Amino acid sequence: MDKFMDSPWFLRLTALALAILLFFSVQADDEKIAGKNAGDTEATIEGVPVEVYYDEENLVVTGVPETVDVTIDGPANIVQSTKLRKDFTLRVDLRDLLIGEHTVRIEPENLSDKLQVQLDPAVIDVVIEEKITQTFKVEPELNQRLLAEDYSVVKMEVEPKTIEVTGPKSVIDSISFVKASVVGEPGIMKSFEQQADVRVLDRDLNKLNVTIVPEKVTVKVEVEEYHKELPIVLTSRGAAGDGVTIDSITTDEKTIVLYGSRKVLDQMKEFSVDVDITEVKENGTKEIDLKKPKGISRMSLDKLKVKLGVAVSNGDVDVEAEDPEVPEEPVAKVVTIEFNNIPITVKGLSSEYKSSFQKPASGLVALSVTADQAVIDALKISDFAVYIDASGTVAEGEETFAVSVEGPTNVQWKLSDEKVTMMIELA
């Protein structure tokens, strides 16, 4: 080894290696000196706005950042002046590009050529799309939890009913819901009117970035206390006097609407009215003051007129009492029949929702009908419409609805199910 190191060739190779290393070291220093002169400095200007040029009337551009960060390097006086004045612009010119996806560079303007400039980002991906305007119907909504107990929404209206949405065609095509949500303090008991912001949402309820005209609409909410329509059943109370027979007790009113506690009303099947016959001696009409049951706040009727048909017995001969104002009506035979497997129709449910019956799962009910024999003989199942009103439904989940019946006015009816449970879901 010592002999090799003492060799002239070893010394020549070592000198060559050192010369090469020194050459590259000096060259790197020269390049560094050439790239950045003495007195140069660097500064970063954050949040510089980007100006975009395109056909704004017919096109929409996405992907361009609102601002970028600009780093400048050069003479200290120019750097400081540029940073303070910010008298330069950043622009993206898309006027010569077609609809579609493009990769473009952000170009700085009005910067000194003595500055080195770096943008973050410098290159961006943009999408140019056709701008379209489409009309959509606005759906009002209210959180049902804001309502006071035993109150429900009867009707919701919005004015104007439609709005115009402008944006990229792909975004407009993705619109699933246009909502106007009203808010308020819990415990709502009265109808009200409110200005509401319009929200445009996709199927996943994400808010879409579009232009809306108008941005606000007026929502009118009609709130009503929970109520139920019940058949009126007349019951005699007391005993008629000697020789007096009550042949009939009738009224022109067949039903009454009660307002109040849902719990109380759901347990009621009929509204019973007691008719005191102890003082009745002749045919006539009697007005009865109706009493509100416990848990009921108001009723559609406060008084009820009842017609009394009376027969008076005089010895062995029955003499009917005369009343020139109330003609005698023959006593008809009253019977009850039952119609089974009547389908329940769902009315008023918004097209954005779908429903399914939970209880009864079949969506069928039975209807017991009571009337004079002659009326019963002429009845058909098609004479009755059994339905629920879901027009106030504004949210998903299980909902309970009262079952309503439309039918002839000269009959009384009773449902096997006064209410049903539905599952409401987005369609």
Side-chain angles (χ1 to χ4, degrees), residues 228-241 243-258 268-291 293 299-313 317-345 364-387 402-418:
K228 186 177 184 180
E229 185 178 21
L230 298 172
I232 296 174
V233 177
L234 302 177
T235 306
S236 62
R237 178 170 58 85
V244 177
T245 302
I246 307 298
D247 287 336
S248 65
I249 304 175
T250 60
T251 179
D252 292 336
E253 303 289 346
K254 302 301 181 184
T255 61
I256 184 172
V257 180
L258 304 185
M268 298 179 67
K269 304 297 182 183
E270 59 188 26
F271 186 78
S272 180
V273 178
D274 291 336
V275 181
D276 187 357
I277 62 173
T278 55
E279 301 295 330
V280 176
K281 297 180 180 180
E282 59 184 7
N283 292 334
T285 300
K286 185 173 186 178
E287 189 172 70
I288 301 174
D289 291 326
L290 301 181
K291 296 181 179 179
M299 305 185 296
S300 61
L301 300 173
D302 295 324
K303 299 179 182 294
L304 185 69
K305 288 184 178 181
V306 176
K307 297 177 182 179
L308 299 167
V310 178
V312 180
S313 176
V317 181
D318 288 341
V319 180
E320 294 185 353
E322 295 184 358
D323 188 342
E325 296 182 0
V326 183
E328 179 184 356
E329 296 180 0
V331 179
K333 182 179 179 182
V334 178
V335 296
T336 300
I337 63 170
E338 184 169 287
F339 295 108
N340 295 311
N341 299 325
I342 300 178
I344 303 171
T345 303
L364 303 174
V365 293
L367 184 67
S368 297
V369 182
T370 302
D372 294 345
Q373 181 69 63
V375 176
I376 290 294
D377 291 342
L379 283 179
K380 304 184 296 295
I381 192 171
S382 59
D383 293 329
F384 298 91
V386 180
Y387 65 92
V403 182
S404 300
V405 178
E406 291 181 358
T409 58
N410 55 348
V411 301
Q412 294 183 355
W413 53 73
K414 182 184 294 186
L415 284 163
S416 59
D417 294 276
E418 296 286 344

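Keep in mind that what you see is a predicted model, and the values were worked out from it rather than measured. The first residue in the sequence is number 1, and the count goes up from there.
Taken from CD1 in Ile249 to OG1 in Thr235, the straight-line distance is 8.5 Å, to the nearest 0.5 Å. Here the CG-OG1 distance, from Asp252 to Thr285, works out to 9.0 Å after rounding to the nearest 0.5 Å. From Ile277, atom CD1 reaches atom CZ of Arg237 across 10.0 Å, with rounding to the nearest 0.5 Å. Atom CG in Leu304 sits 10.0 Å away from atom CE in Met299 (nearest 0.5 Å). The distance from atom CG of Leu308 to atom CG of Asn283, rounded to the nearest 0.5 Å, is 8.0 Å. Taking CD1 from Ile256 and OG1 from Thr251, the interatomic distance works out to 10.0 Å, rounded to the nearest 0.5 Å.
In this structure, Thr345 contributes its side chain and Tyr387 its backbone to no donor-acceptor pair below 3.5 Å. In this structure, Glu418 contributes its side chain and Ala402 its backbone to no donor-acceptor pair below 3.5 Å.
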Derivation and outcome, side chain to side chain contact (heavy atoms under 4.5 Å, CB included), residues Leu367 and Val365: CA-CA 7 Å; Leu367 184 67; Val365 293; 5.9 Å; no
Leu258 and Met268: side chain to side chain contact (heavy atoms under 4.5 Å, CB included), yes or no, with the steps? CA-CA 10 Å; Leu258 304 185; Met268 298 179 67; 3.5 Å; yes
Step by step, would you call Glu253 with Leu301 a side chain to side chain contact (heavy atoms under 4.5 Å, CB included)? CA-CA 9 Å; Glu253 303 289 346; Leu301 300 173; 4.0 Å; yes
Given the rule in the side chain to side chain contact (heavy atoms under 4.5 Å, CB included) test, do Ile337 and Thr370 qualify, once you have shown the distances and angles that lead to the verdict? CA-CA 7 Å; Ile337 63 170; Thr370 302; over 6 Å; no
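Heavy-atom minimum distance, Leu379 versus Pro408: CD2-CG, 3.8 Å. Contact detail for Val233 and Glu270: the closest heavy-atom pair is CG2-OE1, 3.4 Å. When every heavy atom of Ile288 is checked against every heavy atom of Asp274, the shortest pair comes out as CD1-O, 3.8 Å.
Residue-environment remark: NZ (Lys305) stays at or below the threshold of 12 foreign heavy atoms within 6.0 Å. When the shell of 6.0 Å around NZ of Lys254 is examined, it contains more than 12 heavy atoms from other residues, nucleotides or ligands.
Aromatic ring pairs are classed by plane angle as parallel below 30°, tilted from 30° to 60° and perpendicular above 60°; the pair Phe339 and Phe384 is tilted.
There is a side-chain donor-acceptor pair under 3.5 Å between Thr255 and Glu229.
In this structure, the side chains of Leu364 and Ile342 stay at 4.5 Å or more apart for every pair of heavy atoms. Ile232 is not listed as a side-chain neighbour of Leu230, based on a closest heavy-atom distance of 4.5 Å or more. Side-chain contact between Val403 and Leu415: present, with at least one pair of heavy atoms (C-beta onward) separated by less than 4.5 Å.
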